[in-house]
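Order of listing sets the numbers, starting from 1, for every ligand and every atom in it.
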Amino acid sequence: MAANANKKLVVLPGDYAGPEVMDQALRVVHWMEKRRAVAFDLDERSIGGASYDEFGTPLTDETLAAAKASDAVLLGAIGGPKYDGLPRESRPEAGLLKLRKEMDLFANLRPVVTFDALLDASSLKPEIVQGLDIMFVRELTSGIYFGEPRGIETLPDGTRRAVDTQVYTEGEIRRVAEVAFDLARKRSNKVHSVEKENVMATGRLWREVVTDLHKEKYQDVELDHMYADNCGMQLVRNPKQFDVIVTDNLFGDLLSDCASMLPGSLGMLPSASLGAPDETGRRLAMYEPIHGSAPDIAGKGVVNPLAAILSFAMLLRYSFDMEDEAALIEQAVQDVLGGGIRTADIMSQGMAKVSTGVMGDALLKQLDKLSG
Ligand code: IPM
Ligand code: MG
């Protein structure tokens, strides 16, 4: 990619609250174009239920091809009650899982960071969560989400039996662990590798591969192994012991949801899903808020756009190395919250409750202010 070429972004707003939060994130995209030396080609497409409504499938081949050809994908949220009754392969989730798999986005980064202004919104005591900064690295394209055989069969006696398969290769474990160790080096230099080696064969292999890799390449990084159940407990007991947590697809799904409550709101947390870099250093990537499509409150202009906006900040950092711009957005989010405005999900006494759009307005204003 030439230094001054437009960066190709595929924009997938998705369902219910997805387009609402994406509208606000796009305002920040346009702000960057106006105020910084960067230009984007935006290719907006439907995914999930919206794609099903339009094309009869939650992910079209064209959208997949566009995502693969892009520099980065920005996604809102997918799914909702309208689509819950569809067969599995037509459900919005199937579109998202296919996109992750086909783009080979094996490393899912989920930062869990507390915002000082929101300490009271946490269900834990402020001193337990203040200053928290955890990076989850969840394996995203293998494990029980994709393992074969899977399905429900009817036995000779007429009762049914269901099978899911947890499967990992050495290569799959190694590449995601490398991402975790590399990230730790830029942070507090500590990795917790999480599995259930006491029960599962995949857990045994996971521990062996991570231990060998550590010995081979990452001895300068502190490594601890932890059982997944204990990790769940430790996350609410003493979350500040963690820096980087690397774990499989299913444990990562559970533990990151659990951890996402520590800062007080799911509506604040972004994520990045990264592929392997090619020879030129280019890597496929997708950025999305952790929260879902919030069907119960969608369409009313009340959802929190900050996770989508922070996802765009991650996009700038991880896909384009624009650390200053990413940090600028993060600072603006801190400041806006410090100024006392809140969307409904993070509302607390004495604060001013604002709509999705007003939160977006305040953020843009703060970006203007910060950049003089
Ligand atoms: C997530 C979500 C997805 C997952 C669903 C929507 C398929 O919970 O991104 O964590 O289970 O991976
Ligand atoms: Mg989840």
*Would you call the rings of F181 and Y218 parallel, tilted or perpendicular if under 30° counts as parallel and over 60° as perpendicular?*
parallel
*Short N/O distance, under 3.5 Å, between R100 and ligand 1?*
yes
_Pick from D257, D253, I290: the one approaching atom 10 (O) of ligand 1 most closely through a non-hydrogen atom_ = D253
*Q166-D248 side chain donor-acceptor pair, cut-off 3.5 Å*: yes
*Are R138 and Y145 in a cation-pi setup, meaning NZ or CZ lies under 6.0 angstrom from the ring centre and within 45 degrees of the ring axis?*
yes
*Do you see an N/O/S atom of D257, backbone or side chain, under 2.8 Å from the Mg ion (ligand 2)?*
no
*State, without any angle test, whether T57 and T60 hold a side-chain donor-acceptor pair at a distance under 3.5 Å.*
no
*Can any side-chain N or O of S122 pair as donor or acceptor with the backbone N or O of L262 at less than 3.5 Å?*
yes
*Run the numbers for me: atoms of ligand 1, each under 4.0 Å from some heavy atom of R110, listed by number.*
1 (C), 9 (O), 10 (O)
_Nearest N/O/S atom of D253 with respect to the Mg ion (ligand 2), by atom name, please._
OD1
*When you measure from atom 5 (C) of ligand 1 to every protein heavy atom, which one gives the shortest distance, and what is it?*
E93 CG, 4.4 Å
*State whether a side-chain donor-acceptor pair under 3.5 Å links T211 with H225.*
yes
*Compute the minimum heavy-atom distance from R138 to ligand 1 and say whether it is under 4.0 Å.*
yes
*For Y145, is at least one N or O under 3.5 Å away from an N or O on ligand 1?*
yes
